[in-house]
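Quick notes on the structure that follows.
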Amino acid sequence: MYVGIDVGTSTVKAAAFDASGRELAVAARPVELSMHGGFVEQDMDEVYGAVVAVLEELTARVDGPFELAGLTGQGDGVWLVDADGRPVRAAASWMDGRAYELLDRWLADGTFETVFRRTGSAMFPGCPGPLLAWLAAHEPKTLDAAATALYCKDMVFQRLTGARATTDVSDASMPFLDPRTRSYDNGVVELLGLTRRRGLLAPVADPVATAETRGEGLPAGTRIANGPYDLPACALGAGVTEPGDGLLIVGTCLASLVATTELDLSGEPAGLYISLDRPGHWLRAMPAMVGTAALDWVLSTTGVRHEEVDGLLAATPAGANGVRVLPYFAPSGERAPFVEPRLRAELTGVSLESTPADLIRATCEGIGYAARHCLEAAGLTGSLAVCGGGTRSPAWMRLLADVLGRPLRVVEGEVGARGAVLAAAERYGVPLDAGVWTRPTQIVEPDAVRAAFYAKGFEDHLARLAAARHRSR
């Protein structure tokens, strides 16, 4: 039996799988996000406690023994710990917007573009570069007290195993890792004014680190592997490994990933190249801030329940009776396939005749257009898999297939946890049939007439977005 642990932004999950990849049980627990004045933080002890709790629940529900465990979790942010792996302050989330003024300055003076040309990482306010620079300016004593700036899964791995603090090449990819040498670019550290704090960057374990658990949550001695983080873990769990194939994760953020063996640091700086365990292989990632949070806001504002969405989408025509939504609701703006920290959502075409269904469909269409923009920028040429919470809505999946104009390989269940197990199995030399483990739940084909309609709608979306970006500057 195999266990996958996925430490998400708002929910911590653990899933048990048999040798064929069949999901046997899932345990989940929510974790809090503290939001105030652009700061988005999490209590590390709460997050770790939730990991232990879901593992205890899972092991009580299924009979062992456990062959191995794989660990993944949210990326980016800054998780500062002392030499014993204990937090020295709350974790700053990837959603955090406090460093937007720094990013504005780096965008203006060329630092932002220089970093992208060196590492393939287009920084955003919630990534470690701006956050560490902000902390160095505003909380230097906090950094003095810290031993390591980790990522979420690394903090969990250290406390579950007692192993030394490390990260992996996937989490280290933003923004300091040189994707060619697979080591930190000290020139980038210097550019961001962090030379004095260079020692805080977690050593990179390449390939991912392994260790045995100490007995919290999982039986002592359980073999566990640390990584990759949730985006590449989902790609593994969805079977996206061949160059040109892609994955769309419809979750809190809308992540578009395309497997590649080509490193192209030209063009508009955006997204990042996620280094993988296999040297010479990357994921061209466009992790947009837009996602299901945009739809959640519209549902809350209109008073519509989630279970009503499918019926409303089915009852409203393509084009939402003229209502249009640019779905950039995040307080930190957008980070892919472009970076605009001040970009905000826009609703147009709304009148007294507009209905909640129009607003909901227009939001879903806007998210679909944003996904198409990201996938095209990431270089999608092959098949497309889709996973995440949005896949629970059949009507939304049909709408997405139409907006994207291509078939969707829908992969349901705990895809990140599944990928973490596959990564751990590879690390430990345990033979698992990845093709069987990643078989799609269904394939959703686009409607040709609606796909043609949305192809024109996408051009309109790009024009409206260009105007909105201009206004935001």
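From a predicted model like this one, the values you see are computed outputs, not experimental measurements.
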- Message: Listing request: all side chain to side chain donor-acceptor pair (under 3.5 Å) pairs with a residue in residues 14-32, at least two apart in sequence or in separate chains.
- Response: D18-S20, D18-R22

- Message: Quick check on side-chain contact (heavy atoms from CB on, under 4.5 Å): which of L404, D402, V403 does R406 satisfy it with?
- Response: L404

- Task: Supply the atom-to-atom distance S393 OG to E307 CD, rounded to the nearest 0.5 angstrom.
- Result: 12.0 Å

With a 3.5 Å cut-off and sequence neighbours excluded, list the donor-acceptor pairs that the side chains of residues 232-246 form with protein atoms.
residue : atom : partner : partner atom : Å
D245    : OD1  : S383    : N            : 3.0
D245    : OD1  : S383    : OG           : 3.4

- Message: Checking L384 against L408 for the side-chain contact (heavy atoms from CB on, under 4.5 Å) test, could you report, in this order, the C-alpha distance in whole Å, the side-chain angles of both residues, the deciding distance, and whether it holds?
- Response: CA-CA 6 Å; L384 178 63; L408 306 181; 3.7 Å; yes

- Selection residues 368-388 - residue pairs positive for salt bridge (Lys or Arg N to Asp or Glu O under 4.0 Å), sequence neighbours left out: R372-E376

- Message: Within the 4.5 Å heavy-atom criterion, are V250 and V386 side-chain neighbours or not?
- Response: yes

- Heavy-atom side-chain proximity of L465 to F338 below 4.5 angstrom: yes

- Under 3.5 Å, side chain of T148 to main-chain N/O of L150, donor-acceptor pair present? no

- Task: Starting at CG of L283, measure out to CG of L231 and round the result to the nearest 0.5 Å.
- Result: 8.5 Å

- What is the distance from atom CG of L201 to atom CG of L132, rounded to the nearest 0.5 Å? 7.0 Å

- Task: Decide yes or no for Y2 and R418: does some side-chain heavy atom of the first lie under 4.5 Å from some side-chain heavy atom of the second?
- Result: no

- Task: Start with the C-alpha gap between V309 and W396, add the side-chain angles, then the distance that decides, and say whether side-chain contact (heavy atoms from CB on, under 4.5 Å) holds.
- Result: CA-CA 8 Å; V309 169; W396 196 3; 5.7 Å; no

- Message: Going by side-chain contact (heavy atoms from CB on, under 4.5 Å), name the residues that satisfy it together with E113, two or more places apart in sequence or in a different chain.
- Response: R117, P269

- Note on the structure: side-chain contact (heavy atoms from CB on, under 4.5 Å) filter on A293, not counting sequence neighbours, yields none

- Partners of A172 by side-chain contact (heavy atoms from CB on, under 4.5 Å), sequence neighbours excluded? T167, L177, Y184, V204

- Query: To the nearest 0.5 Å, how far apart are SG in C387 and CG in L248?
  - Reply: 8.0 Å

- Got a donor-acceptor contact below 3.5 angstrom from the T391 side chain to the V410 backbone? no

- Message: For D6, is there an ion pair with K13 - N to carboxylate O distance below 4.0 angstrom?
- Response: no

- Taken in chain and number order and not counting sequence neighbours, the residues that satisfy side-chain contact (heavy atoms from CB on, under 4.5 Å) with R86 are D82, D84, R159

- Around E426, counting heavy atoms of other residues, nucleotides and ligands shown, do more than 12 lie under 6.0 Å from its CD? no

- Message: Before you tell me yes or no, could you show the steps for L432 and V421 under side-chain contact (heavy atoms from CB on, under 4.5 Å), namely the whole-Å CA-CA distance, both residues' side-chain angles and the distance that decides it to 0.1 Å?
- Response: CA-CA 9 Å; L432 295 178; V421 170; 4.1 Å; yes

- For residues 5-26, which residue pairs qualify under ring pair (Phe, Tyr, Trp, His ring centres under 6.0 Å), counting only residues two or more places apart or in two chains? F17-W437

- For residues 210-222, which residue pairs qualify under salt bridge (Lys or Arg N to Asp or Glu O under 4.0 Å), counting only residues two or more places apart or in two chains? none

- Could you tell me whether R164 atom CZ has more than 12 heavy atoms of other residues or ligands within 6.0 Å of it? no

- Just say parallel, tilted or perpendicular for the rings of H461 and Y328, cut-offs at 30° and 60°. tilted

- In chain order, what residues pass the salt bridge (charged side-chain N to carboxylate O under 4.0 Å, His left out) check against D277, with sequence neighbours excluded? none

- Message: Could you check whether atom CZ of R61 has more than 12 heavy atoms from other residues, nucleotides or ligands sitting under 6.0 Å from it?
- Response: yes

- Message: Going by side chain to side chain donor-acceptor pair (under 3.5 Å), name the pairs with one or both residues in residues 217-235, residues two or more places apart or in two chains.
- Response: E67-R223, D154-N226

- Task: Would you indicate whether D144, at its atom CG, is surrounded by more than 12 heavy atoms from other residues, nucleotides or ligands within a distance under 6.0 Å?
- Result: yes

- Query: Any Lys/Arg nitrogen of E190 or R196 sitting under 4.0 Å from an Asp/Glu carboxylate oxygen of the other?
  - Reply: no

- Taking the six-membered ring for Trp, are the ring centroids of F329 and W297 within less than 6.0 Å of each other? yes

- Query: Does any pair with a residue in residues 39-68 pass ring pair (Phe, Tyr, Trp, His ring centres under 6.0 Å), and if so which ones, sequence neighbours excluded?
  - Reply: H36-F39, F39-W134

- Point-to-point distance, once rounded to the nearest 0.5 Å, from CG of D178 to CZ of R118: 8.0 Å

- Message: Does this structure show an ion pair linking R284 with D264, if we count only N-O contacts that are shorter than 4.0 Å?
- Response: no

- Task: First locate atom CG of L160, then atom CG of L71, and finally report the distance between them rounded to the nearest 0.5 Å.
- Result: 7.0 Å

- Query: Charged N to carboxylate O below 4.0 Å: is that the case for R89 and E41?
  - Reply: yes

